[in-house]
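A short write-up of the structure that comes next.
Within every chain, numbering begins at 1; the chains are lettered A, B, ... in the order of the sequence lines, protein sequences first and strands thereafter.
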Amino acid sequence: MIQKQLESFIDDYLTSNDFELSNWSVSINIREGFGDYSSNVALILSKKIGKNPMEIAEALVAYHNKNEKLFSVSATKPGFVNFNISTHYYLDIMNNILNEGTDFGKPTKHDRSANVEFVSSNPTGPLTAGHGRNTILGDMVSSILSWHGYNVTREYYYNNAGKQMRMLAESSYAKYAKKIGKDVTPPENGYVGEYLDDIADEIIRKFGKDLDSNSEQFRTFTEEKIFDSIKNTLKNLRIEFDLFSQEQTFYDNGAVDNVLKELEKLSLLYKKDGATWFKTSSLGKKEDRVLVKSTGEPTYRLPDIAYHIDKVDRGFDLIVDIFGADHIDAYPDVLLGLEALGKKIDHIKVIVHQFVTLKKDNEVVKMSTRKGNFITLDDLIDQLGVDVVRYFFIMRGANSHLDFDFDLAKDESEKNPVYYLQYAHARISNLIVRYNNDIKEKTDLDLSLLVEKDEILLIKKLSTFPKKMDEIYESLEPRKLATYLEEVAASYHKFYGNHKVINLDNIPLSYARKNLCNATQIILKTGLSILGITAPEKM
RNA sequence: GCCCCGGUAGCUCAGCUGGAUAGAGCAACGGAUUUCUAAUCCGUAGGUCACAGGUUCAAAUCCUGUCCGGGGUACCA
């Protein structure tokens, strides 16, 4: 990569003068006028050696070997060192894009494994708009890792054995009872959503009207139905999980008890008020936390520790947890637990996202599965389409709150930037068809014919794709990919608007431009596929 | 109580591992279509980057404090 070469140029200069300096950088310039790349090295060195930064910058210019044609060096005002990169370099990269296609920029390493846990919603109701963020984010993070050569396990962890599920069964029975004319008071704080009415109808159809209140069906059938609906929603969103794991497993195989035993051995547990406390205060936290309630029931931290031990033991190179803000307090305790038990945790990345706020009729609605007060993800897909929904949830950074105004959603969807990207792709598809129709004549590809400003800017934008993907891998922020693709599309639309590709009077130029379109299409297609969004041929 | 996030253009937000004139979309206004898809392009207008200190050659970006807004959490998960 060019940036590395610029860095080593500066490095050479520094070592040849016996200067030791580390915190300087070379960065790409977005604005015009200061070259393609710049470095602050002179500004930083000036302090250390007490020399005017401008002089140092000039010294670097002098140090540059004029036979080096790849880049030129110049110095400007306060003491920036600016680099101009030869267009040949960019044209070479464009050639690579054309040759490598959708593999362009992809790391060749394939020997790493990753586990991404997301959604992890208990089967108490359908997936709602509120779940959308976690769901989409997790899927895109998984794709980003896949692209970077990881063998990714998408994992959905849930609990179908706890109090909430008992509550669900009771609620399901209450609906059933009501339908068959029995007078049963629904459980306090039970589930009241309409989806349970449909399930009650099905239970009546399938099992008749004589079921007893503690009949198994109210738990198993209800859960099955809800899980079917969740899986169907995931399918609608083009998401496929590799593994569904259950909390219950870790009770059954003794892992939970084992955690307690081991922590006990380390003297990290104590009893108080009938509960078992985890001495997190001795591990650097302000307060201790309860692992087993006085009722004998564990808090969710405990099985979570057992579950994470299992994940660590499965030997992944990278473990990613996608959590909502409600876990912000708890996951550090889980990690502390792991660490205390001698497990490696530095390969666990936790992505915490803020919640989605739903607005309806200009009022904020607190979504609650229990109260049946929600808009489902399926509703959103019906209204907006999968592409828009997927894009929508990553348009904001994960740790910004996301306001969702349902009344405006449809309206906004028409202005959704996803169409801007897709339109660029469709435009290119159409153009290539036209080109093949209009121009039959063969000619050699001469990319150096591309000299217009719009062409060069587009090529430069395309060339940064691998670097951008590295950044996205480091941060695991799909939004950055979306932003980049919007820039590519904008750059393309501009080029398209100002220059005609098909020109029968200049076949070589037409051919070069058509190849620029091809290269752009490759980048758009690659990016969109990572985001799980379609790249349409026509719009 | 403890914790998290945010405050940047009229609106929604980028930029935040410090860099040279603070960006985009929407909305507003004015243009471009005999021409490869106008879901596009070009232009105009719009800003004390909440406030106050501090660190630095350099702060929207880092630190401290204040104010405002949103959210989470407690032996429910």
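- Between Q354(A) and A325(A), the residue anchored nearer the 5' end of RNA chain B, judged by the nucleotide with its closest heavy atom, is Q354(A).
- The residue I502(A) sits close to a base: some heavy atom pair falls under 4.0 Å.
- Backbone-only contact: Y420(A) has heavy atoms under 4.0 Å from sugar-phosphate atoms and none from a base.
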side-chain hydrogen bond (donor to acceptor under 3.5 Å, both in side chains) evaluation trace for E117(A) with Y156(A): CA-CA 6 Å; E117(A) 181 205 332; Y156(A) 186 127; over 6 Å; no
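- Within the nucleic acid shown, P298(A) comes within 4.0 Å of sugar-phosphate atoms alone, with no base atom in reach, counting heavy atoms only.
- We find that CZ of F80(A) is positioned 13 Å from P of rG18(B), with the value rounded to whole Å.
- N498(A) places its CG atom 16 Å from the P atom of rA32(B), with the value rounded to the nearest Å.
- Side chain to side chain, Y300(A) and N159(A) fail the donor-acceptor criterion of an N or O pair below 3.5 Å.
- Judged by Watson-Crick or G-U wobble contacts below 3.5 Å, the nucleotide rA60(B) has no partner.
- Judged purely by distance below 3.5 Å, without hydrogens or angles, the side chains of Q521(A) and Y492(A) never pair a donor atom with an acceptor atom.
- Put simply, CG on L431(A) is 17 Å from P on rU40(B), counting in whole angstrom units.
- Across all strands shown, rC16(B) remains unpaired; no Watson-Crick or G-U wobble contact has both distances below 3.5 Å.
- Counting any heavy atom pair closer than 4.0 Å across all strands shown, I44(A) reaches a base atom.
- Counting non-hydrogen atoms under 4.0 angstrom, E537(A) reaches a base of the nucleic acid.
- Using N1 to N3 plus N6-O4 or O6-N4 for Watson-Crick, or N1-O2 and O6-N3 for G-U wobble, each under 3.5 Å, rA45(B) pairs with nothing.
- Across all strands shown, rU66(B) is found opposite rA50(B) as a Watson-Crick or G-U wobble partner, with both distances under 3.5 Å.
- Among the heavy atoms of the strands lying under 4.0 Å from D273(A) is at least one base atom, whether or not backbone atoms are also near.
- To the nearest angstrom, C1' of rU17(B) lies 12 Å from CD of E477(A).
- Note on G79(A): nothing from the nucleic acid sits closer than 4.0 angstrom, heavy atoms only.
- Nucleotides rU73(B) and rA27(B), compared at atom C1', are 39 Å apart to the nearest Å.
- Pairing for rG1(B) is with rU73(B), a Watson-Crick or G-U wobble pair whose two hydrogen-bonding atom distances lie under 3.5 Å.
- RNA chain B is contacted by both V501(A) and Y419(A); V501(A) maps to the nucleotide lying nearer its 5′ end (nearest heavy atom per residue).
- For NZ of K467(A), the number of neighbouring non-hydrogen atoms (other residues, nucleotides, ligands) closer than 6.0 Å is 12 at most.
- Comparing rU17(B) with rU21(B), their C1' atoms are spaced 24 Å from each other, to the whole Å.
- S27(A) comes within contact range of no nucleotide atom at all, as no heavy-atom separation falls under 4.0 Å.
- Nearest heavy atom pair, residue A535(A) against residue H425(A), reads O-CE1, 3.3 Å.
- Across all strands shown, H499(A) has heavy atoms under 4.0 Å from base atoms, whether or not it also approaches the sugar-phosphate.
- Using a 4.0 Å heavy-atom criterion, one finds that F355(A) contacts the sugar-phosphate atoms exclusively.
- Test H327(A), K349(A), H308(A) against D321(A) for side-chain hydrogen bond (donor to acceptor under 3.5 Å, both in side chains) and you get one pass: H308(A).
- When both pairing distances are held under 3.5 Å, rU40(B) makes a Watson-Crick or G-U pair with rA32(B).
- Partner assigned to rC26(B) is rG10(B), using Watson-Crick or G-U wobble distances below 3.5 angstrom.
- A donor atom on one side chain and an acceptor atom on the other are found under 3.5 Å apart for E155(A) and Y307(A).
- Here S294(A) lies in heavy-atom contact (under 4.0 Å) with a base.
- Within the 4.0 angstrom heavy-atom criterion, no nucleotide atom of any strand lies near N23(A).
- Rounded to the nearest Å, the gap between the P atom of rU35(B) and that of rG30(B) is 25 Å.
- Across the protein-nucleic acid pair, K47(A) atom NZ and rA58(B) atom P stand 9 Å apart, rounded to whole Å.
- With hydrogens and angles ignored, a donor-acceptor pair closer than 3.5 Å exists between the side chain of T76(A) and the base of rA20(B).
- Contact annotation for K500(A): base contact, defined as any heavy-atom pair under 4.0 Å involving a base atom.
- Contact check, R289(A) against rU73(B): no side-chain N or O comes under 4.0 Å of OP1 or OP2.
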